[in-house]
2 protein chains.
Amino acid sequence: MPPRTKPLRKDAQRNRDLLVTTARELFAARGLDVSLDEIARTAGVSSGTLYNHFPERADLVEAVFADRVATVAEIAEHALAMADPWAGLVHFLERVCELQAADRGYNDLVSRRLPQAPPTEEHARGYESMVRILDRARESGALREDVTLEDMAFLTWGTARTVEATAAVRPQAWRRHLALMLDGLRATAARPLPEPPLRPDELAEIMRACS
Amino acid sequence: MPPRTKPLRKDAQRNRDLLVTTARELFAARGLDVSLDEIARTAGVSSGTLYNHFPERADLVEAVFADRVATVAEIAEHALAMADPWAGLVHFLERVCELQAADRGYNDLVSRRLPQAPPTEEHARGYESMVRILDRARESGALREDVTLEDMAFLTWGTARTVEATAAVRPQAWRRHLALMLDGLRATAARPLPEPPLRPDELAEIMRACS
DNA sequence: AAATAAGTTGAGAGTACGGTCAACTTATTG
DNA sequence: CAATAAGTTGACCGTACTCTCAACTTATTT
């Protein structure tokens, strides 16, 4: 469906696109904390124009990473299409971590969750698929029984920090971190866990809180 | 051994102590990024005095957390005194994570390593003990063969991020994260790892690089 | 009780950031 | 080709932080 809003003037559209692609590059290289003035300067427009198109930083971040939600949903669906449920889970997590490792901005994003964008249907799609990836792996007997979707946050947070720390020295180090965690997720590795899983609403609150 | 430098004037010593304890409290509550002016103001001295005692932020951080190195060394030695090597390793990691969970400043510190203080003999003591904790657990057959001391960094980084994210909502959530990682560290869970461990010099470089 | 050394003060310089807006320029429309 | 709406500009405001220094105060020494 075409957007309901009237189209931008063509120079405005050009500037907007310029800002998004410039921000994408700067975010990818240096993380989400690049100054907005620098983005505008690099894009060759004034800071006023940036604020005109994106009143808050979160708006720009959302525009830059809008397609990522769909990308993750596609990865999840591809994982579900794999024959082996465990291999599907591993594939999904590896691909998502690769996205993180390839883009410091995205790595910041999954770890800190700046934009509280309203959950789209794309979001719901990805969420559904992730639930099914986990259920399937659990039912197959490969994934431990006591692990929940919310536990995947530990994995994301952990590898995000490792990606950040090791990017300059050993860009693939996160694969080792992930593999160690995966070995802890197997049913055969399971020992009783000391703390109940995060409830969905708790995780939602954590995400909302940014930081 | 008493310090070689001439003793401070007594009011100077009082101000210095005041600054350190104030900084300790503020760091613990709000992390390492508290403004130095605020620390001075809270301590009831002028900012000039703060900069007189601690020319750089790192100097203050070092003074605040100077004893932590020894604390960790003691925890490690206590872990080594335990009969069961695996239990010793678990105990060590749990205690260190408890330190992180109890102090946001320390959590920042282990995760970002601000001060490049010259490694003291206390450092060496802790390091030695950690090596022995791991060796002992490995030789007992409980810890997987292919895991190194450098791999513990993944654990520290990961739980640090989890502690940070979950502190407000579920302060004990890190225990679950840690338990999942521990299950991946058992010899019985071991599957081939996809990436060689970080070399000691690589880890050192990562630490040096701050961030 | 001077004399001297040690330490403190707080205003302010310098920097960087997010954000605003009246004046200006450009695209589109009839 | 006006007329008008849309968009841009960049100087400027406010804020927050690090860091400095000349004038001042306090402790210590003889």
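Model, not experiment: these values are computed from the prediction. Residue numbering restarts at 1 for every chain, and letters A, B, ... go by the order of the sequence lines.
The pair A:Glu98-A:Arg175 meets the salt-bridge criterion, since a charged nitrogen lies less than 4.0 angstrom from a carboxylate oxygen. Ionic pairing of A:Asp135 and A:Arg138 is present here: one or more N-O contacts between side-chain nitrogen and carboxylate oxygen are shorter than 4.0 angstrom. A salt bridge does not link B:Glu128 with B:Arg125: every distance from a Lys NZ or Arg NE/NH1/NH2 to an Asp or Glu carboxylate oxygen is 4.0 Å or more. By the 4.0 Å N-to-carboxylate-O rule, B:Arg68 lies close enough to B:Asp103 to be salt-bridged with it. Salt bridge absent: B:Arg41 and B:Glu38 never bring a charged side-chain N and a carboxylate O closer than 4.0 Å. For the pair B:Glu205 and B:Arg208, the salt-bridge criterion is not met [side-chain N within less than 4.0 Å of a carboxylate O].
For D:dA5, neither phosphate oxygen OP1 nor OP2 lies less than 4.0 angstrom from any side-chain nitrogen or oxygen of A:Arg9. At the phosphate of C:dT8, OP1 or OP2 sits under 4.0 Å from a side-chain N or O atom of B:Asn15.
The only member of A:Gln100, A:Arg112, A:Glu164 that meets side chain to side chain donor-acceptor pair (under 3.5 Å) when paired with A:Asn107 is A:Gln100.
Residues A:His177 and B:Glu195 are not in side-chain contact: their nearest non-hydrogen atoms beyond the backbone lie 4.5 Å or more apart.
Residues from residues 19-30 of chain B placing a heavy atom under 4.0 Å of any atom in DNA chain C do not occur. Residues from residues 44-55 of chain B that place a heavy atom under 4.0 Å from any atom of DNA chain C, listed by number: B:Val45, B:Ser46, B:Ser47, B:Gly48, B:Thr49, B:Asn52, B:His53.
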